[in-house]
Structure formats: structure tokens, C-alpha cells
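Notes to accompany the following structure.
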Amino acid sequence: MRVEVYWNFNRKCYSVRALEGPSKGRVIGHRERVNIHNAKFVVRKAGRDRVRREKRKNVHAFVRGDLDCLGVLDEPTVGVGYNPYQWDSFMSFEPARSGKGMIIKPITEARRVSLYVSGPENRSNIRALV
């Protein structure tokens with residue numbers, strides 16, 4: 001099933017919105033872990049600009065793809081994040097080969113993505129298999 005997944009700041013979990021079927025356009029669940037394959041990272045420009053202008057968050061960035069039931073990614077992955085005040089798109093983070101610092105670059109798609117909640121503050125985490 002094709003879905004869009006976004007971080008729900010109020011519930012501190014991921015909201016899953018259906019892109020097909022009888023529930024198309026509606027949130028069909030809230031999860032602490034969601035796995036997606038054939039993923040696209042989407043940022044709507046108008047929503048991002050509104051966040052920057054009003055300094056108030058809205059749903060304008062999400063991961064779109066097919067719901068995946070395969071579980072935890074056991075292959076090497078990169079971290080993924082998004083901050084509307086710093087970047088125009090989702091960014092990937094991977095350690096530099098020298099072992100010092102991080103390589104940060106835009107990411108638009110991935111074969112598989114694992115979105116999960118962790119830590120005492122219930123923070124959003126995204127790992128992608130590019």
C-alpha cells in the first residue's frame with residue numbers, strides 16, 4: 001500500500017496517511033516504527049516557506065512510498081533528517097571516511113527507509129538504505 005509518513009509533533013510518533021484505497025488521503029494509523037520501500041523524501045515548498053515566515057510548524061515534509069513489513073534494516077544505512085529553518089530538503093548524514101566529521105548532502109529517494117522513535121525524549125529517527 002502506498003503511504004505518506006510524517007512526524008506528528010503532538011503525539012510524538014509517526015502518522016501514516018494512505019495514498020490509495022478507500023481511506024485515500026486519511027491518516028490510517030500512528031506508529032512508533034514504520035518501514036517503507038521505494039521511498040521518496042518530499043518537502044512542499046509552500047509549506048516550508050510558511051513555516052519560515054510564521055515560525056509555526058505544519059505538515060509539509062514526509063516520506064512517500066510502499067509500506068514494508070520486512071523489519072529492521074541490517075545493511076549499512078545513512079541517517080536522514082530535516083529542519084525547515086536550516087535546509088530546503090531532507091539531508092543524509094554519514095561519517096566522513098577520515099573518521100572526522102560528517103558528510104551532509106541532500107537526499108531525495110532511498111530503496112528502504114526505517115522511521116522509528118527512540119530515546120527518553122521520544123525523538124524521531126530516520127535511517128535509509130540508499
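Model, not experiment: these values are computed from the prediction. FYI, the numbering just counts along the sequence from 1.
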>> Using 0.5 Å steps for rounding, measure from the CG atom of N38 to the CG atom of D68.
In response: 9.0 Å
> What is the distance from atom CD of Q86 to atom CD1 of I104, rounded to the nearest 0.5 Å?
Replying inline: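 Q86 CD to I104 CD1: 8.5 Å, rounded to 0.5 Å.
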Electrostatic pair [X]-[Y], nearest N-O below 4.0 angstrom:
| X | Y | result |
| --- | --- | --- |
| D49 | R53 | no |
| K105 | E94 | yes |
| E20 | R2 | no |
| R52 | D88 | yes |

So [Y] and [X], do their side chains get closer than 4.5 Å, heavy atoms only?
| X | Y | result |
| --- | --- | --- |
| Y85 | V51 | yes |
| E4 | V63 | no |
| C13 | R31 | no |
| N58 | R50 | yes |
| M91 | V80 | no |

Co-membership, hydrophobic cluster, residues [X] and [Y], 4.5 Å side-chain:
| X | Y | answer |
| --- | --- | --- |
| V117 | F62 | no |
| V59 | V34 | no |
| V5 | I107 | yes |
| I36 | V130 | yes |
| V113 | Y6 | no |

> Can a cation-pi geometry be assigned to R127 and Y116, taking NZ or CZ under 6.0 Å from the six-membered ring centre and within 45° of the ring axis?
Replying inline: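 No, a cation-pi geometry is absent between R127 and Y116.
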> Side chains of R33 and S114: do they bring a donor and an acceptor to under 3.5 Å?
Replying inline: yes
>> Tell me every residue that passes ring pair (Phe, Tyr, Trp, His ring centres under 6.0 Å) with Y14, counting only those two or more places apart in sequence or in another chain.
In response: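 Ring pair (Phe, Tyr, Trp, His ring centres under 6.0 Å) check on Y14 returns W7.
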>> Please enumerate all residues that pass ring pair (Phe, Tyr, Trp, His ring centres under 6.0 Å) together with F90, with sequence neighbours excluded.
In response: F41, Y82
> Which atoms form the tightest heavy-atom contact between I28 and A18, and what is the distance?
Replying inline: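 Smallest heavy-atom distance, with atoms named: CG2-CB, 3.8 Å.
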>> Using the rule given for side chain to side chain contact (heavy atoms under 4.5 Å, CB included), can you reason through V3 versus R64, listing the C-alpha separation, both sets of side-chain angles and the distance that settles it, and then say yes or no?
In response: CA-CA 6 Å; V3 296; R64 182 181 292 154; over 6 Å; no
> Does the N125 side chain pair with the main chain of R123, one donor and one acceptor, at a distance under 3.5 Å?
Replying inline: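 Indeed, once roles are kept as given, a pair shorter than 3.5 Å links the two residues.
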